Amino acid sequence: MGGGILAAMVLSRRWALFLVGVGIWTWVIWPRFAIAIWNDPRAWTSGAVGDFPATGFLWVHALLIGASLTLGTIVGLLGLRAWRAAGRRTPKSAA
């Protein structure tokens, strides 16, 4: 046997759709949050938006947003792969 520990993992189309939805939700929510952080005076040393240098407030949130978008993308792509794989499976006959 080969293929590793996850070789036999199977997701239903419902779970695959849920994962795709999580990926989409991530891309709807986090960019809006990024704009809010950018426009927050706490993100800038002088308090004026876009006036560098930025504070740790902006950098920590930028890291959080980047990580969340990365994970959301991965989850969404896994859901898409699971959806496509579920469509290729043939139902087992009741023999």
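One-based numbering along the sequence shown. Nothing here was measured: the structure is a model prediction, and the numbers come from that model. Just the heavy atoms: all of them, side chains too, but no hydrogens, waters or symmetry mates, feed the values below.
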(message) I'd like to know if Phe33 and Val49 are part of one continuous hydrophobic network [Ile/Leu/Val/Met/Phe/Trp/Tyr, side-chain heavy atoms within less than 4.5 Å].
(response) yes
(request) Check whether any side-chain heavy atom of Leu58 sits under 4.5 Å from a side-chain heavy atom of Trp44, and report yes or no. (result) yes
(message) Restricting to non-hydrogen atoms, name the atom on Gly87 and the atom on Arg13 that form the minimum distance, rounded to 0.1 Å.
(response) CA-NH2, 3.5 Å
(request) First locate atom CG of Leu69, then atom CG of Leu64, and finally report the distance between them rounded to the nearest 0.5 Å. (result) 9.5 Å
(message) Could you check whether any side-chain N or O of Thr55 sits under 3.5 Å from a backbone N or O of Thr45, counting only pairs where one atom can act as donor and the other as acceptor?
(response) no
(message) Please evaluate residues Leu11 and Leu19 with respect to the criterion side-chain contact (heavy atoms from CB on, under 4.5 Å), reporting the C-alpha separation (whole Å), side-chain torsions for both, the decisive distance (0.1 Å), and the verdict.
(response) CA-CA 10 Å; Leu11 289 175; Leu19 293 178; 3.8 Å; yes
(request) Kindly compute the distance separating CD1 (Ile65) from CD1 (Ile35), expressed to the nearest 0.5 Å. (result) 9.5 Å
(request) May I ask you to list the residues sharing a hydrophobic cluster with Leu17, side-chain cutoff 4.5 Å, ordered by chain and number? (result) Trp83
(message) Does anything in residues 22-43 form a side-chain hydrogen bond (donor to acceptor under 3.5 Å, both in side chains)? List the pairs, not counting sequence neighbours.
(response) Trp27-Thr73, Asp40-Arg42
(request) Establish whether Trp15 and Val20 are linked, either directly or via other cluster members, by ILVMFWY side-chain heavy-atom contacts under 4.5 Å. (result) no
(message) Considering only residues two or more places apart or on different chains, which pairs with a residue in residues 59-70 satisfy side-chain hydrogen bond (donor to acceptor under 3.5 Å, both in side chains)?
(response) none
(message) Looking at every non-hydrogen atom in both residues, tell me the closest pair between Ala16 and Ala82 and how far apart they are.
(response) CB-CB, 3.7 Å
(request) Starting from Leu78, walk the hydrophobic network (Ile, Leu, Val, Met, Phe, Trp, Tyr; side-chain heavy atoms closer than 4.5 Å) and list everyone else you reach, by chain and number. (result) Ile74
